[in-house]
Amino acid sequence: MRMRRILGLALAAATLAGVSAVGAVSAGAASSPNISRDDCTAAGGQIVARAYAGYACALPDGTTQAIT
């Protein structure tokens with residue numbers, strides 16, 4: 001009975017660690033990379049000002065990327 005409890009805790013910890021790692025990778029992939037002003041306009045985007053965050057490129061597909 002004790003062994004089953006230890007194995008259950010180990011499985012729960014491994015699952016939680018796996019979910020955390022997947023979440024971190026997903027968040028990294030979801031964050032937008034920086035783009036230059038020239039690349040923004042070449043891709044058909046518009047340069048927009050963001051309050052307290054500088055400028056961003058609003059692309060036609062609905063994504064927004066920070067301008068470098």
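Owing to the predicted nature of the structure, the values given are computational and were not obtained by experimental measurement. Positions are given from 1, in the same order as the sequence printed here. What you see below is based on every heavy atom in this structure, not just the backbone, and it leaves out hydrogens, waters and symmetry mates.
- Sorted by first and then second residue, the pairs that involve residues 35-49 and meet side-chain hydrogen bond (donor to acceptor under 3.5 Å, both in side chains), not counting sequence neighbours, are S36-D39.
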Contacts under 3.5 angstrom, residues 53-62 side chains, donor-acceptor by atom type, not counting sequence neighbours:
unit_1 : atom_1 : unit_2 : atom_2 : d
D61    : OD1    : T63    : N      : 3.1
D61    : OD1    : T63    : OG1    : 2.7

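- Residues I47 and I67 are in side-chain contact: their nearest non-hydrogen atoms beyond the backbone lie under 4.5 Å apart.
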